[in-house]
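Since the structure comes first, as structure tokens, the remarks are kept for the end.
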Amino acid sequence: MTHTARAEWEQHYSDGRNFRQLGERERALLAEHAPVPNGGGLALDVGCGTGELAAYLAALGYTVDACDFADSALARAREEHAGVEGVRWLHLDIEHGDPALLHDEGYDLVTLRLMYPFVQDRGRVVHGLGERLRDGGALVVITPVAANTPEERRGIALDEDEIAVLAAGWETVERLDADGLAVLVLRGPCHADTRAVEKRPATAHALIGALAVVTDDAGRVLLGRSRRGMLELPGGKTCGPEDFAAAAVRELAEKTGLVADRADAYMVTMLVDDSHGIPRLTAVVRITAWTGALTSAEADKFVRWEFFDLHALACVGDVFVPAALAIDGVWPGVIPDLPPVVSYPLAADRPPVPGEPGEAVRLRQAMAQTVIDGGWAPSEPVCDALRTVPRHRFAPEVNLAAAYDGGDRAVITRRDATGTAISSVSAAWLQADMLESLRLGPGAIVFEAGSGGYNAELIAHAAGPEGRVVSVDIDPWVVRRARAFLTEAGSGRVTAVEADAPLGAPAHLVPRGGFDGSMITYNCWDIAPAWREQLAEGGRLVLPLEMGGYTRAIAFERRGEVLHARRFTCCGFVRDQGQQARPAPVVSLLGGALALRFDDGSAAGTEGLEEALRGRRHEVATGVTMGANSYFGSLQLYAATTLSGFCRLFVAHQGPEEGMTGIAKNRDAPAIVGEASLAYLLHVRTKDGDSPQGKEWEWVVRAFGEQGPELAGRLVATVRAWDRHIRAADNDKHADPVLTVHPAGTPDDALPAGDVLDKLHCRLVFRWPGRDAVLPGPVDRPEADVVAEGV
């Protein structure tokens, strides 16, 4: 019984044939080593056949999902176990199907009885099932062992090498015997951190070869488990006057049985490193199409060939160094901590490579619908972009569920040496909202700063077949990654450029008349002049702008030299890194326990403030209350842009200062500073309840120092004005200011009335509802060379 095709299994069960019956020893071992958790447990029986094991697990007390890809097996299971309660019979190909029917909350037990040897991509399937285990759960594999199986039937059994691979990476492994069957009970994370490893030292003067990077119709990469105990790509040395692409095609056929055309083989990059001191030159060849069926043609060298999910490549154990580096050349970042290499990317054009699992399509549609239902994507071009552009192809280091999270999750793709995120794929709703704010027409040409690939493709898709995007980033790794992913999964209408974004796009890429729209995808303290100058008249600039330390994605429309704000969205992004990056002045207090952050302007004098903080506290209730889930970001922005001396008070670590201030550790509060005095704003709970609707908070001002009461009065007046004129019962209806942005150096008398916030390159004028017009005061522009004191 060594069937390989679904049709053979359908016939097998239709003919009334079975597997080996579930033995008493198997039953006893399952009851002993996989008992039902207190309160009941959830089990998944993979390849359930006619359902004998699933029925037994239900008898133990599990609620069972039993799946098989053969309809005839499930039909018999439903008939033969019609009286069994607690079992769902699921038609599912665990290797190739969409697991939508499985429980999202995971399983306490996953069983694979007499079916694991029939799985082709064993590593991928087991890794995926392991990720579905709850804490303390077990994956149980019951299988014949090759040593106990006649040679002609060893296709249904595992040898010791395969058992060792199956057991690798689990926290605990129990191997039991059930009448000649191996029962493997696997627990703990099924992860073995990926290591790039070498083979034995070579004796040649140089090593030269080609490696083939091949994916299946779901976008998974082909790797072979070699007899050396590592994963490798198909490849080898060239023969005679053979080019590298031809060598990769030949080696692919010789090692795996897959056949490719030389015309479908593209050189991606040349890698230069060394092996035990011997120079090594590796050609990375991307093969975009192939035919045939996988075989282990060189059984003396490779145990088997499998297709692996890209997101799982960080935990597959040992990978041959050139293979790991070649994979990084196609999908930068999917394998961490690689050894150094010199890479020579080749500019030869190659087509996008299709391929995604059905699960990705389902999750993408669900993500798009979540964004649409939230009101973030009202236009059809943006909706269609969300439904079409394969987000997971631009975030291959995370699983599909994480890539297509429809909530606030951003996928972090790069961190600096301190662990701070410096590049990411932003939350889908925010990308859609900013794209909507551009209001692009068909054929629009758009500038994007902060290249990651996915957002640029969304823009290109929304702009239509004639549109194009110029995307820049200062980080060469990010640009390399964006180019690689755009080549693999893009439309060909995005140009990724390495440049410092505040300088704008390179001149030769700026369209005559300027860009139709521009989008900045990192937190900006200032607005670079180039962004306005390269924007067409009437075009829109959308960027996350910091004001007093609070960020809003603002859509500006250019009218001459002035930018007019049209829309505000509360958000947060990674920080800028180029010449526009500005560390905010920070003043430490009480030995670093507290800090004042002056995000706009210079740091105020704090002499005598520490003594005031140790003195009497003045407290004033504003009388302004709010319930659960109330939005108060408009209050923060209102205070930051209307109050002189505004700053933010941080509690840096837990201690008596947290109790003194009422601010939680690592949180901050709006504040204003006077002479040896400070006042800040926080909300305190005034009503508790069993449900969120029953809870209530009131805004309270706390102040210290001789001027504390006066400062507190200013904050109280600010809160009450916000409550009267800005706040709305509907969180989405809070009033926004009228905001205009003028070039730096614009004289005061040329500015409209309003509250002025000066940046290095521009002057922002805010006119809030209900606030009397304020004539601009003297310019107090921040110094460019302010050095922040770390906290």
Side-chain angles (χ1 to χ4, degrees), residues 1-4 19-20 22-23 25-30 32-34 44-47 49 53 94-95 109-133 137-195 197 223-232 294-296 298-308 312 315-319:
M1 190 170 61
T2 56
H3 306 319
T4 58
F19 281 122
R20 169 175 170 170
L22 187 66
R25 178 62 176 161
E26 293 176 77
R27 295 171 185 265
L29 291 176
L30 284 166
E32 179 183 354
H33 294 274
L44 172 63
D45 183 22
V46 179
L53 175 56
I94 198 66
E95 188 168 5
L109 173 65
V110 177
T111 57
L112 299 90
R113 180 178 184 268
L114 306 183
M115 64 82 62
Y116 180 77
F118 299 99
V119 177
Q120 173 63 46
D121 295 346
R122 297 174 184 176
R124 173 175 63 83
V125 170
V126 168
H127 181 272
L129 292 173
E131 287 188 325
R132 293 186 177 276
L133 286 177
L139 187 144
V140 177
V141 177
I142 302 174
T143 179
V145 179
N148 303 334
T149 306
E151 186 172 352
E152 68 274 10
R153 300 182 66 240
R154 286 184 180 171
I156 69 168
L158 296 184
D159 61 23
E160 294 303 318
D161 288 340
E162 285 280 10
I163 290 175
V165 170
L166 171 61
W170 295 89
E171 191 173 290
T172 64
V173 178
E174 294 178 273
R175 180 171 176 175
L176 311 165
D177 179 79
D179 302 320
L181 296 176
V183 179
L184 301 167
V185 183
L186 312 173
R187 300 181 188 274
C190 54
H191 296 164
D193 289 344
T194 297
R195 297 185 308 154
V197 296
L223 292 170
R225 194 169 296 282
S226 74
R227 298 290 180 185
R228 301 181 182 91
M230 63 182 72
L231 293 173
E232 302 185 34
L294 278 179
T295 60
S296 293
E298 297 181 350
D300 59 323
K301 297 178 181 177
F302 288 89
V303 177
R304 63 187 297 103
W305 292 90
E306 301 180 37
F307 286 98
F308 286 78
C315 53
V316 292
D318 291 348
V319 180

Nearest-0.5 Å distance, [atom1] of residue [X] to [atom2] of residue [Y]:
{"X": "R27", "Y": "L53", "atom1": "CZ", "atom2": "CG", "answer": "9.0 Å"}
{"X": "N148", "Y": "D177", "atom1": "CG", "atom2": "CG", "answer": "7.5 Å"}
{"X": "L181", "Y": "T143", "atom1": "CG", "atom2": "OG1", "answer": "7.5 Å"}
{"X": "L223", "Y": "F308", "atom1": "CG", "atom2": "CZ", "answer": "5.5 Å"}
{"X": "Y116", "Y": "L158", "atom1": "OH", "atom2": "CG", "answer": "6.5 Å"}
{"X": "W170", "Y": "L184", "atom1": "CH2", "atom2": "CG", "answer": "11.0 Å"}

Checklist entry - Can Q120 and R304 be said to form a side chain to side chain contact (heavy atoms under 4.5 Å, CB included), step by step? => result CA-CA 9 Å; Q120 173 63 46; R304 63 187 297 103; 4.1 Å; yes

Which atom of [X] lies closest to which atom of [Y], heavy atoms considered:
{"X": "R175", "Y": "A182", "result": "NE-CB, 4.3 Å"}
{"X": "A138", "Y": "R187", "result": "CB-NH1, 3.4 Å"}
{"X": "L109", "Y": "A34", "result": "CD1-CB, 3.8 Å"}

Item to check | side-chain contact (heavy atoms from CB on, under 4.5 Å) against T295, all qualifying residues, sequence neighbours excluded | outcome: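 Only A297 meet the side-chain contact (heavy atoms from CB on, under 4.5 Å) criterion with T295.
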
Next on the checklist: Using the side chain to side chain contact (heavy atoms under 4.5 Å, CB included) definition, which of the options L44, V141, I94 pairs with L112?
Outcome noted: V141

Next on the checklist: Checking side chain to side chain contact (heavy atoms under 4.5 Å, CB included) between V140 and each of T111, L29, V110, which is the one that passes?
Outcome noted: T111

Checklist entry - Would you say the side chain of V183 lies within less than 4.5 Å of the side chain of H33, judging by non-hydrogen atoms? => result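 Of all side-chain heavy-atom pairs linking V183 with H33, none is under 4.5 Å.
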
Checklist entry - Does some side-chain heavy atom of D179 sit less than 4.5 Å from a side-chain heavy atom of R20? => result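 Touching, per the 4.5 Å side-chain cut-off.
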
Item to check | Stepwise salt bridge (Lys or Arg N to Asp or Glu O under 4.0 Å) check, E232 with K301 | outcome: CA-CA 11 Å; E232 302 185 34; K301 297 178 181 177; over 6 Å; no

Taking distance alone, no hydrogens or angles, what donor-acceptor pairs closer than 3.5 Å link side-chain atoms of residues 122-132 to residues at least two apart or in another chain?
from : atom 1 : to   : atom 2 : distance (Å)
R122 : NE     : V119 : O      : 3.0
R122 : NH1    : E162 : OE1    : 3.4
R122 : NH1    : E162 : OE2    : 3.1
R122 : NH2    : P117 : O      : 2.8
R124 : NE     : F307 : O      : 3.4
R124 : NH1    : E95  : O      : 3.1
R124 : NH2    : E95  : O      : 2.9
R124 : NH2    : D121 : OD2    : 3.1

Checklist entry - R227: what forms a side-chain hydrogen bond (donor to acceptor under 3.5 Å, both in side chains) with it, not counting sequence neighbours? => result none

Checklist entry - Has the side chain of S226 got a donor or acceptor atom that lies under 3.5 Å from a matching backbone atom of F302? => result no

Item to check | Donor-acceptor contact below 3.5 Å, side chain R154 vs main chain A146 | outcome: yes

Item to check | Worked check of side chain to side chain contact (heavy atoms under 4.5 Å, CB included) between L22 and R113 | outcome: CA-CA 9 Å; L22 187 66; R113 180 178 184 268; 3.4 Å; yes

